[in-house]
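Take a look at the structure below.
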Amino acid sequence: MYKIPFLDLPPLRAAAGTVRLPGSKSISNRVLLLAGLSEGTTAVHDLLDSDDTAVMLAALKTLGGQIEAQADGVLNVTGIGGKLGTQAAQLFLGNAGTAMRPLAAALALLTATQGGSFELSGVPRMHERPIGDLVDALRALGCEIACLGNEGYPPLKLTGPSALKLDAPVKVRGDVSSQFLTALLMALPLVATDDVQIEVVGELISKPYIQITLTLLERFGIAVKRDGWERFTIPAGSRYRSPGAVHVEGDASSASYFVGLGAIAAVDQPVRIEGVGSESMQGDVRFVEAAQQMGAEVKSGPNWLEVRRGAWPLKGITLDCNHIPDAAMTLAVMALYADGPTTLTNIASWRVKETDRLSAMATELRKLGATVDEGPDWLRVQPLQDWKPASIHTYDDHRIAMCFSLAAFNGLVTEHPVPVRIEDPACVAKTFPEYFETLFDTVSASVSDIPVITIDGPTASGKGTLADEIAHKLGYAVLDSGALYRAAGLAASRAGIDLDDGKEVAAVARALDLRFAQGRVYLAGEDISDALRLETSGQNASRVAAHPPVRRALNQLQLDFRRAPGLVADGRDMGTDVFPDAGLKVFLTASAATRAERRHKQLIAKGISANIESLRADLEARDARDKNRSASPLHPAQDALMLDNSAQTIEESVELVLDWWARRRPFKVSR
Ligand SMILES: Nc1ncnc2c1ncn2[C@@H]1O[C@H](COP(=O)(O)OP(=O)(O)OP(=O)(O)O)[C@@H](O)[C@H]1O
Ligand SMILES: Nc1ccn([C@H]2C[C@H](O)[C@@H](COP(=O)(O)O)O2)c(=O)n1
């Protein structure tokens with residue numbers, strides 16, 4: 001996951017490949033609660049691992065549930081069998097509506113019948129998300145609930161025991177959030193000694209989510225009787241029983257980004273999405289129909305989808321999105337690529353989600369240059385030709401971060417493509433922690449659009465340290481090109497080849513079986529990272545690097561590191577020869593004395609004895625060879641910025657280079 005302040009998406013061009021979706025958030029948290037309330041142990045397969053499921057799991061543990069993770073990723077949840085394991089607790093539920101609402105209802109009823117005192121709280125935004133209609137329904141049943149901040153909003157305090165009145169139908173509003181009805185449907189089986197009726201007041205929104213609730217309740221032994229979408233009856237004697245094992249479907253709302261991706265950019269090959277398909281129980285799978293209306297070509301199987309671009313530009317549509325409230329946000333960004341306006345209606349529920357999504361979508365789309373009109377429950381988006389480089393604020397809302405990634409394909413409709421900045425990309429942790437990694441595995445960009453920062457300079461000037469830090473802060477990949485020359489020198493000397501024989505060493509370099517993973521370097525499967533850092537490896541690298549055939553042999557390997565979202569490359573000729581079009585070139589130096597001292601410290605820290613004078617002599621000899629060779633000698637590129645860090649800390653160098661980079665980015669918002 002990219003835990004950085006912002007992630008810049010370069011202009012993207014095409015998409016293809018297979019995406020395995022993380023588990024559905026709605027199903028995951030419902031299954032966890034039902035398993036947590038049941039008798040027996042439930043083996044939960046393919047559970048979503050995210051912020052929202054983490055708070056639910058923590059709450060269940062506090063209430064007496066037992067959670068055990070198996071080595072294969074399956075989670076065994078042993079439920080409380082309807083009996084509270086504690087009489088008092090404070091539960092922090094983050095910004096997880098799928099935890100706050102149903103837990104509040106279940107715990108209110110259990111507290112009423114078994115006694116206790118519980119506080120349910122969340123992040124500040126959770127305390128702005130209404131829960132009053134559910135609280136009213138629970139109070140009418142006899143539960144004692146106090147709103148500790150504003151009336152009708154969390155945090156909540158539940159106390160008991162108190163007498164429950166279950167003989168009259170429980171009334172709950174269905175037109176603000178369907179989660180209130182879901183909460184009652186999941187909680188009332190805990191106390192249904194007689195039939196309990198729920199009556200929905202107002203038109204029920206998001207019916208597919210209620211269908212998920214009913215389907216899962218049935219799996220846990222509760223056969224709710226449904227009379228239209230207005231009346232539901234929990235049968236007398238209902239009791240939760242574990243079904244033994246449950247498989248969580250992939251998240252259909254998360255599928256929408258890849259369906260959108262296919263519709264926009266899968267021209268040659270489809271985007272295949274695994275985890276949801278024609279047999280999905282999730283309502284958001286019907287997003288596929290909306291994408292088809294906009295022009296997508298979609299094939300499907302029971303739990304997969306394959307999406308390609310059909311009509312292009314996409315077709316503007318008008319759609320009542322009541323049945324796909326979450327996925328519909330993706331349509332608002334797809335609309336930028338349409339042939340006419342797209343109007344999304346019946347989306348008032350957007351206003352009470354992680355943020356006021358209606359207002360947020362309109363604001364952020366306008367930053368891109370789009371013309372957007374909004375009403376209390378609708379949004380109209382015009383197609384966009386004149387794109388502006390925008391820094392998208394994400395409001396701690398995973399779906400805003402994910403759907404705006406589709407704006408990075410603007411190069412398909414404009415001659416002047418722009419990058420898109422996604423602020424706080426880690427907010428995707430709510431449902432799809434690896435979203436951006438998955439996206440980058442599925443898309444391609446024009447090489448010249450992928451940003452590169454080069455850091456060249458003499459040995460021990462701190463290039464690697466600076467490159468790693470900058471790359472980490474920007475979410476970019478790193479190329480330590482010296483490691484390639486070091487590996488070539490190591491492999492050649494192990495093979496007994498004369499290091500001055502350029503042709504022979506080049507043959508070795510061409511055949512190198514190198515792999516880079518988690519900061520380590522592997523040669524034919526062997527971890528050679530430590531061997532590469534030896535001083536002899538540095539000297540040997542400098543020798544083999546002087547041969548033009550060796551440099552040519554390693555050239556493509558270096559170019560292959562240039563992948564979205566970007567690259568920081570360090571070496572001797574990164575800015576001069578390998579990436580001459582780099583967006584920022586830094587030439588990093590420090591005095592020979594400083595560099596010898598740093599290298600000395602580095603070696604001593606590793607437990608390797610070293611002499612500072614001979615280190616200095618070695619590095620000066622290496623500098624001289626690297627500067628004076630004919631092939632790609634070490635010298636600053638004409639357009640490089642010079643940085644002597646002799647008197648700087650690492651942090652100061654990093655800040656300075658990030659500042660130089662920020663000044664070259666087209667975004668208005670400063671770091
Ligand atoms: N600005 C700095 N201030 C103090 N120490 C630094 C600074 N930059 C780097 N160092 C330290 O200097 C040592 C050498 O840095 P590093 O290995 O990054 O250099 P390099 O240029 O990549 O070397 P090589 O070319 O040999 O790979 C490290 O121990 C690092 O922590
Ligand atoms: N782009 C590069 C990178 C490295 N080399 C050579 C010259 C260096 O002395 C040697 C080791 O590099 P280091 O790991 O110390 O950065 O490799 C080069 O010629 N061009």
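Note that ligands are numbered from 1 as they come in the structure, with each ligand's atoms numbered from 1 the same way.
Under the 4.0 angstrom criterion for non-hydrogen atoms, G482 is not in contact with ligand 1. Heavy-atom separations between R599 and ligand 1 include at least one value shorter than 4.0 Å. At least one heavy atom of R572 sits less than 4.0 Å from an atom of ligand 1. Look at R486 and you'll find a heavy atom under 4.0 Å from some atom of ligand 1. Taking a 4.0 Å cut-off on heavy atoms, S653 registers as neighbouring ligand 1.
Of the candidates K606, R520, R486, R520 is the only one forming a salt bridge (Lys or Arg N to Asp or Glu O under 4.0 Å) with D530.
Contacts of K463 with ligand 1, taken as heavy-atom pairs under 4.0 Å, involve both backbone and side chain. Neither the backbone nor the side chain of K606 has a heavy atom within less than 4.0 Å of ligand 1.
Scanning both residues, L490 and A531, for their nearest heavy atoms gives CD2-CB, 4.3 Å.
Here F516 and F561 bring their ring centres to under 6.0 angstrom of each other.
Polar contact with ligand 1: present for G462 (N/O pair, distance under 3.5 Å).
Taking a heavy-atom cut-off of under 4.0 Å, ligand 2 is surrounded by T459, S481, G482, Y485, R486, R533, A541, S542, A545, R551, G571, R572, D573, M574, R622, D626, R629.
For E306, the side-chain hydrogen bond (donor to acceptor under 3.5 Å, both in side chains) partners two or more places apart in sequence, or in a different chain, are R272. Evaluation of the side-chain hydrogen bond (donor to acceptor under 3.5 Å, both in side chains) rule for D480 yields no partner, not counting sequence neighbours. Under the side-chain hydrogen bond (donor to acceptor under 3.5 Å, both in side chains) criterion, R125 pairs with E128, not counting sequence neighbours.
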